[in-house]
There are 2 protein chains.
Amino acid sequence: MKIGEAAKRSGVSAKMIRYYEEIGLLAPAGRAGNSYRDFDAREVHELVFIRRARALGFSIEEIARLLALWRDRGRPSREVKEIADRHVADLKARISDLQGMVDQLEHLTRCCTGDDRPDCPILADLASP
Amino acid sequence: MKIGEAAKRSGVSAKMIRYYEEIGLLAPAGRAGNSYRDFDAREVHELVFIRRARALGFSIEEIARLLALWRDRGRPSREVKEIADRHVADLKARISDLQGMVDQLEHLTRCCTGDDRPDCPILADLASP
DNA sequence: CATTGACCTTCCCATGATGGGAGACTTTAT
DNA sequence: ATAAAGTCTCCCATCATGGGAAGGTCAATG
C-alpha cells in the first residue's frame, strides 16, 4: 500500500512516516516502481506501535529502544521495564515542576483582586528583588 | 554595566539577553562607545522579572504582555489576572495529560515481572490492535 | 607602550517532533 | 486525453536555549 493508506491505517501522518524513516527509526520502506514507498501490514503495525508509544510520552530515542526490544523475541522484560520506569520517573518530575508553578500562581491569583485597580500581587511578585 | 555583569546580576545568560532584545521583548540596550551594550539597574530589573516569569512557565508571548502591564502603572489588575488564570488552566491541562500517561504506564509496569522472561505486558499493549 | 587574557560583537548551527508549502512527477478516474 | 489526487524531495518555521567561530575591544601587567 502507498503512504497515504499506511498513514490512514496507522494514524501516523505521511509527513511523520517519512521523518521516522529519515532518522532511522524505521527501516527504509521498499519502493514500488522505484518512486512511491510501499508498505505492508507489518510496517503499519510498527507505526501503530510508535503512535501509541508517543501517546504515552516516550521520546523517539526511547521508542527506538522499545522497538528493538519488541523485535527481539527473547528480550528480558526487565529491560523494557527499566525504560518504562525511568520514563515514569521523568514524567513525575515534570508534573512536579508544573504543579509547583500552579501552586505559586494560585497563591498569587488568590491574592489578586482582578478588578480595575492597578494593584497586583502577581506583578509585584515577579518584580520583587 | 556590560552584558556579563547584567547576566550575573539578573541570572539571565548573555545569550538570552541578546535574544530577548532581538525578538523585541526588551528595548535595544544603549551602546557604550557604539559597540558594547550598556545596561542600567532598571534593565536588570526587567531581566529578573523575565527570569521569574519564565520560572513560572509563562511563554515569551505572555511575558511580553505582562511586561507591558507592569510598565503601565494604571493597568487594571484584571488583565494580569486573566493572563495568569489562562496560564494556570494551561498548566493544569498539561499536568492532566502527563498524569494520564503515568497512570497508564504504572498500570502496565505493575503487571510486568521485569525479569529475564520475555513476556511483557508493556510491549504487548503498545503492539495491540 | 605592547602584549595578553578576558570580555564583547555578530553570525551560523543544533536541539525535538511536527506541520506547511513549493515544484515536479505519477497514478487514477473521468 | 485530461484533470484531480496522490506522492516525491527540499526547504522553512516553530520555541527557548546553548555552542562555537571569527573578529573587535578593553584592562591590567610586564
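From a predicted model like this one, the values you see are computed outputs, not experimental measurements. Both backbone and side-chain heavy atoms feed into the values below; hydrogens, waters and symmetry mates do not. Letters A, B, ... are given to chains in the order of the sequence lines, protein chains preceding strands, and every chain is numbered from 1.
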Under-4.0 Å side-chain N/O to phosphate OP1/OP2 contact, A:Tyr20 with C:dT18: yes
For A:Glu43 and A:Asp40, indicate whether the former's side chain and the latter's backbone hold a donor-acceptor pair under 3.5 Å. yes
Between B:Glu22 (CD) and D:dC15 (P), how many Å, whole number? 14 Å
Find out whether A:Leu56 and A:Arg52 are in side-chain contact, i.e. whether some heavy atom of one side chain is under 4.5 Å from a heavy atom of the other. no
Whole angstrom is fine here: how far is it from NZ in A:Lys8 over to C1' in D:dG6? 11 Å
Nearest-Å distance, CD1 (B:Ile17) to P (C:dT10)? 13 Å
Whole angstroms only, please: what is the CG-C1' distance between A:Leu25 and C:dG16? 13 Å
OP1 or OP2 of C:dT18 under 4.0 Å from side-chain N/O of A:Ser13: no
Within less than 4.0 Å of OP1 or OP2 of C:dT10, is there a side-chain N or O belonging to B:Arg37? yes
For A:Arg31, I'd like to know if atom CZ has over 12 heavy atoms of other residues, nucleotides or ligands within 6.0 Å. yes
Send over the distance from A:Leu26 CG to C:dA17 P, rounded to a whole Å. 14 Å
Validation row: B:Ile83, B:Leu69 side chains within 4.5 angstrom (heavy atoms): yes
Could you see if B:Tyr36 belongs to whatever hydrophobic cluster contains B:Phe39? Use Ile, Leu, Val, Met, Phe, Trp, Tyr and a side-chain cutoff under 4.5 Å. no
On DNA chain D, compare the nucleotides closest to A:Ala14 and B:Tyr19; which residue's is nearer the 5' end? A:Ala14
Using atom CZ of B:Phe39 as one end and atom P of C:dT9 as the other, report the distance to the nearest whole Å. 7 Å
Report the C-alpha separation of A:Asp115 and A:Arg117 in whole Å, then their side-chain angles, then the decisive distance to 0.1 Å, and conclude whether the salt bridge (Lys or Arg N to Asp or Glu O under 4.0 Å) test is met. CA-CA 6 Å; A:Asp115 54 22; A:Arg117 284 173 291 176; 2.6 Å; yes
What's the angle between the local helix axes at either end of the helix from C:dC1-D:dG30 to C:dT30-D:dA1, using five pairs per end and rounding to 10 degrees? 30°
For B:Arg31 and C:dC7, give me the distance from atom CZ to atom C1', rounded to whole Å. 14 Å
Assuming nearest nucleotide by heavy-atom distance, tell me which of B:Ile3 and A:Lys15 is located more 5' along DNA chain C. B:Ile3
Single hit among A:Trp70, A:Phe58, A:Tyr20 for ring-ring contact (aromatic ring centres under 6.0 Å, His included) with A:Phe49: A:Trp70
So, with a heavy-atom separation below 4.0 Å from DNA chain D, the residues of residues 43-55 of chain A are none
Protein N or O to nucleotides 22-29 of chain D N or O, pairs below 3.5 Å:
{"residue": "D:dG24", "atom": "N2", "partner": "B:Tyr36", "partner atom": "OH", "Å": "2.7"}
{"residue": "D:dT25", "atom": "O4'", "partner": "B:Tyr36", "partner atom": "OH", "Å": "3.3"}
{"residue": "D:dT25", "atom": "O2", "partner": "B:Tyr36", "partner atom": "OH", "Å": "3.1"}

B:Arg51 and B:Glu46: CA distance, side-chain angles, deciding distance, salt bridge (Lys or Arg N to Asp or Glu O under 4.0 Å) verdict: CA-CA 9 Å; B:Arg51 178 175 57 74; B:Glu46 292 203 343; over 6 Å; no
Check the pair A:Arg78 / B:Asp116 against salt bridge (Lys or Arg N to Asp or Glu O under 4.0 Å), numbers first and verdict last. CA-CA 6 Å; A:Arg78 181 178 24 79; B:Asp116 287 337; 2.8 Å; yes
For a 4.5 angstrom cut-off between non-hydrogen side-chain atoms, does A:Arg65 reach A:Glu79? no
Would you indicate what B:Phe58 reaches in the nucleic acid, counting non-hydrogen atoms under 4.0 angstrom: base, sugar-phosphate, or nothing? nothing
Using whole Å, what does the distance between atom P of nucleotide C:dC12 and atom CZ of B:Arg18 come to? 15 Å
B:Asp90 and B:Arg86 ion-paired at < 4.0 Å: no
Applying salt bridge (Lys or Arg N to Asp or Glu O under 4.0 Å) to B:Glu62 and B:Arg54, what does each step give before you reach the verdict? CA-CA 10 Å; B:Glu62 289 165 326; B:Arg54 288 290 303 141; over 6 Å; no
